[in-house]
Amino acid sequence: MQLTRSALAGYNIVNFDFPYLIERAAALGVSDFPFWGRIRGSRLRMKDTTFSSKAYGTRESKEITIEGRVQFDLLQAIQRDHKLSSYSLNSVSARFLGEQKEDVHHSAISELQGGNEETRRRLAVYWRVPCAPARTHASPYCPTRSLKDAYLPQRLLEKLLLTYNYIEMARVTGAPSLLPTFFPIPHIDAHLGVPITFLLSRGQSIKVLSQILRKAQQRGLLVPNLPRLSGANSDGVAYEGATVLEAKAGFYEQPIATLDFASLYPSIMMAHNLCYCTLVPKQQAGGFSGEEVTRSPSGDVFVKPHLARGILPEILEELLGARKRAKADLKKATDPFEKAVLDGRQLALKVSANSVYGFTGAVVGKLPCLEISASVTAYGRQMIENTKKLVHERFTTTNGYAADAEVVYGDTDSVMVNFRTDTVGEAMRLGREAAEAITATFLKPISLEFEKVYFPYLLISKKRYAGLYWTRPEAHDKMDTKGIETVRRDNCLLVRQVVETCLQKILLERDVPGAVAFVQATISDLLMNRMDLSLLVITKGLTQEVEDYDNRAAHVELARKMRLRDPATAPAVGDRIPYVIVKAAKGVKAYEKSEDPIFALENNLPIDCQHYLEHYLAKPLLRLFEPILKNAQRELLSGDHTRAISQPTPTAAGGGIMRFAKARTRCSLVRGD
DNA sequence: TCATAATCCTAA
DNA sequence: TGAGTTAGGATTATGA
């Protein structure tokens with residue numbers, strides 16, 4: 001935990017360190033302790049809350065009020081900014097700092113203490129002082145702290161530029177500047193709005209609402225305090241969303257051009273003047289002429305901008321205008337500090353603009369207006385269908401082009417076009433031509449842009465594809481993967497690594513036989529018990545209270561089991577639960593075979609390798625290879641490599657996998673933080 | 001065996 | 001001043 005003049009920073013401080021310190025002080029009767037704020041005599045206040053949102057999940061949390069100081073909990077920031085399989089300080093530090101935090105076990109203390117200066121230093125730095133008794137909040141974050149626990153968050157803060165990014169977000173949503181204004185934001189008045197602590201502890205709504213309130217005040221408008229919208233059913237769907245075009249699955253060995261609408265939903269709201277204050281109630285719509293109002297494709301009516309300019313379009317215009325300037329300044333900037341500020345700012349402005357639409361559709365929110373959100377998506381659906389149609393109509397041999405173009409896929413604001421050319425450069429040229437021609441058919445500021453070419457392109461299904469990503473004809477920029485196992489954190493590392501390697505071999509090296517051989521070797525390793533346990537750990541989020549689940553699932557049952565073993569360290573709502581599938585009698589359900597990896601390790605439980613092959617590896621690999629290989633099933637999943645070694649009985653000491661795994665995974669599997 | 005519901009996570 | 005949205009694939013449990 002770091003204490004500066006106006007901020008407190010650390011890892012999991014809000015739910016562990018602060019409550020712990022406060023409770024200990026109370027237990028010890030240190031009555032002058034809980035005065036950390038900058039208002040003399042004002043005691044800090046703590047209460048339990050449950051935060052729940054679809055995007056951030058449900059989490060129990062402490063809410064601590066400390067006047068005049070920002071509480072910057074790195075755990076909260078990283079949970080919001082990054083989707084990871086594990087949020088332990090150890091794993092996060094390894095990921096972002098390339099630095100593992102080594103723990104010192106208590107059995108090594110006397111040895112280190114009796115050693116030399118270096119071993120004593122190690123003890124001081126790494127030994128985590130246990131402080132379990134007063135623990136009140138169950139989570140995988142171990143109630144111990146070492147010097148490193150203070151030092152690593154500081155490094156993360158700097159490395160991830162969190163100070164810049166969060167202060168910029170606070171500023172674009174209108175918070176008072178906590179630091180001197182190094183680079184003022186033109187047209188954005190930074191004197192009303194969202195405190196940094198809100199950015200970490202509350203949702204998206206507060207940011208949008210803050211902007212609406214500020215703009216309404218400028219205009220002299222009042223924002224109504226609406227009663228909870230009736231008929232707001234939180235599990236159903238309130239209105240129709242975007243169109244996802246049919247995916248023509250396959251392995252494309254021709255360049256596929258991608259056309260994207262830039263900031264689609266914000267630009268729709270600006271182009272059509274969609275706002276609370278421009279909406280014409282259904283029963284009054286008849287009283288307006290076509291000169292005065294527009295009817296959106298969902299049938300909702302809005303007045304045109306010459307009669308009344310909406311607040312939302314104006315906010316969006318300012319946000320996107322400011323972003324354009326930030327990006328231009330970023331291009332010119334040379335000073336690393338200025339660059340960090342500007343990049344944080346352009347990101348904040350983009351996120352901010354994109355959340356306005358969602359805010360209008362949030363029926364459980366403060367100011368829902370489904371006429372706006374339903375109109376936005378309806379315009380969007382019309383636009384993507386139109387774009388597809390225009391591509392098909394224009395790029396034909398009849399019109400003098402070398403081939404008939406085909407839209408092979410598209411999602412919400414993008415279309416993927418096969419112009420049936422063999423060169424990336426030609427695909428780019430046609431892509432630019434299409435973007436320009438189609439943009440001309442839409443109202444300003446709607447803009448269809450050519451963004452990139454995929455070549456080759458492996459389209460598996462809707463929302464799932466991979467390809468090499470080209471923005472210039474000379475060389476590809478990267479491999480891009482969407483929705484496939486490699487980008488999903490609920491798969492074990494083995495599956496992610498195998499799929500990733502196969503994609504590389506197929507797309508990059510163009511070596512399909514090599515990919516097949518690799519799969520066979522991996523399956524053989526798995527079945528021969530040669531797989532490191534750390535590769536087999538699956539993680540899933542505990543999204544609600546264990547009791548509230550309607551069915552039985554592996555991670556939930558494990559959470560239940562762990563609570564019986566030790567309530568203090570059992571997973572809590574919002575935590576991610578790591579587990580492995582261990583061997584059991586035939587016919588036993590998967591949810592009865594899930595086990596805590598550390599428990600499995602310590603008790604030498606054998607892993608159910610067959611289960612990993614059949615349930616986690618086989619299908620993803622078949623999906624990957626089916627568009628490429630004639631006999632994927634036979635080549636990958638039958639033959640010598642699928643023969644398992646004679647399985648050790650659960651009690652046998654010779655569980656090769658466990659001994660092997662234990663030696664190799666001690667560092668990465670220790671429970672921490 | 002097959003359809004369905006619950007759940008998780010991702011694309012946009 | 002509590003909580004952005006919908007679409008969609010995949011896995012698992014469950015019951016007809």
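Convention: sequence-line order gives letters A, B, ...; per-chain numbering from 1. Source: prediction; values computed, not measured.
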*Would you classify A:Gly358 as touching base, sugar-phosphate or nothing, given that sugar-phosphate means primed atoms plus P, OP1 and OP2, and contacts are heavy atoms under 4.0 Å?*
base

_Interatomic distance, A:Tyr379 OH vs C:dT6 P [rounded to whole Å]_ = 20 Å

*Cation-pi check, A:Lys478 onto A:Tyr469 ring (under 6.0 Å, within 45° of axis)*: yes

*Check every atom of B:dC8, C:dG4, C:dT6 against the side chain of A:Ser205 and return the nucleotide holding the closest atom.*
C:dG4

*Taking NZ from A:Lys83 and P from B:dA12, how many angstroms apart are they, rounded to a whole number?*
14 Å

*asked:* Less than 4.0 angstrom between a side-chain N/O of A:Thr412 and OP1 or OP2 of B:dA11, yes or no?
replied: no

*Reckon A:Asn225 touches a base, only the sugar-phosphate, or nothing at all at heavy-atom distances under 4.0 Å?*
sugar-phosphate

*Taking for each residue the nucleotide of DNA chain C bearing the nearest heavy atom, is the 5' side occupied by A:Ala590 or by A:Arg464?*
A:Arg464

*Using a cut-off of less than 4.0 Å, is there contact between a side-chain N or O of A:Lys462 and OP1 or OP2 of C:dG8?*
yes

_Heavy-atom count check: over 12 atoms from other residues, nucleotides or ligands less than 6.0 Å from A:Lys248 NZ?_
yes

*asked:* Holding to side-chain contact (heavy atoms from CB on, under 4.5 Å), I want the full list of residues that pass it with A:Leu44, two or more places apart in sequence or in another chain.
replied: A:Ile22, A:Pro34, A:Trp36, A:Ile66

*asked:* Nearest to the A:Tyr357 side chain among C:dA3, C:dA7, C:dT5, which nucleotide is it?
replied: C:dT5

*Would you say A:His615 reaches C:dT12's phosphate, i.e. side-chain N/O to OP1/OP2 under 4.0 Å?*
yes

*Could you state the CD1-P distance from A:Ile384 to C:dT6, rounded to the nearest angstrom?*
18 Å

_On the nucleotide C:dT11, are OP1 or OP2 found under 4.0 Å from the side-chain N or O atoms that A:Arg623 carries?_
yes

_Can you measure A:Glu63 atom CD to C:dG2 atom P for me and round it to whole angstrom units?_
10 Å

_Set of residues satisfying side-chain hydrogen bond (donor to acceptor under 3.5 Å, both in side chains) with respect to A:Ser85, sequence neighbours excluded_ = none

_Heavy atoms from C-beta onward define the side chain here; which of C:dT14, B:dC8, C:dA3 lies closest to that of A:Tyr591?_
C:dT14

*asked:* Using a heavy-atom cut-off of 4.0 Å across all strands, would you classify A:Lys619 as base, sugar-phosphate, or nothing?
replied: sugar-phosphate

*On DNA chain C, check which nucleotide each of A:Thr243 and A:Ser355 is closest to and give me the residue with the more 5' one.*
A:Ser355

_A:Thr486 to A:Arg496 - nearest heavy-atom pair and separation_ = CG2-O, 3.4 Å

*Just by distance, do the side chain of A:Arg576 and the backbone of A:Tyr87 share a donor-acceptor pair under 3.5 Å?*
no

*So is A:Arg80 actually on top of A:Tyr56's ring, under 6.0 Å and inside 45° of the axis?*
yes

*Find the distance A:Leu200:CG to C:dG2:P and express it as a whole number of Å.*
18 Å

*Contact class for A:Ser373 vs. all strands (heavy atom < 4.0 Å): base, sugar-phosphate, or nothing?*
nothing

*Send over the distance from A:Ile460 CD1 to C:dG8 P, rounded to a whole Å.*
18 Å

_Any residue meeting salt bridge (charged side-chain N to carboxylate O under 4.0 Å, His left out) with A:Glu595, in chain and number order, not counting sequence neighbours_ = A:Lys561, A:Arg565

_Using a 4.0 Å heavy-atom cut-off, does A:Ser461 contact any base of the nucleic acid, only the sugar-phosphate backbone, or nothing at all?_
sugar-phosphate

*Nearest atoms (heavy-atom pairs only) where A:Ile460 meets A:Ala249*: O-CB, 3.5 Å

*How is A:Tyr616 classified with respect to the nucleic acid when contacts are heavy atoms under 4.0 Å: base, sugar-phosphate, or nothing?*
sugar-phosphate

*Could you please spell out the steps behind the side chain to side chain contact (heavy atoms under 4.5 Å, CB included) verdict for A:Leu316 and A:Tyr357?*
CA-CA 10 Å; A:Leu316 290 168; A:Tyr357 147 75; over 6 Å; no

*Who pairs with A:Glu500 by side-chain hydrogen bond (donor to acceptor under 3.5 Å, both in side chains), at least two apart in sequence or on another chain?*
A:Gln504

*In whole angstrom, give me the gap between the C1' atoms of B:dA12 and C:dG4.*
14 Å

*In whole angstroms, how far is the C1' atom of C:dT6 from the CD1 atom of A:Ile268?*
14 Å

*Kindly state which residues belonging to residues 481-497 of chain A come within less than 4.0 angstrom of DNA chain B, counting heavy atoms of the residue only, listed by number.*
A:Lys482, A:Gly483, A:Val487, A:Arg488, A:Arg489, A:Asp490

_Any A:Tyr465 side-chain N or O less than 4.0 Å from OP1/OP2 of B:dA12_ = yes

*Within this structure, what is the CG-to-P distance between A:Leu459 and C:dG8, rounded to whole angstrom?*
14 Å

Write down the protein N/O and nucleotide N/O pairs, taken from nucleotides 4-7 of chain B, whose separation is under 3.5 Å; answer none if there are no such pairs.
from  : atom 1 : to       : atom 2 : distance (Å)
B:dT7 : OP1    : A:Asp550 : N      : 2.8

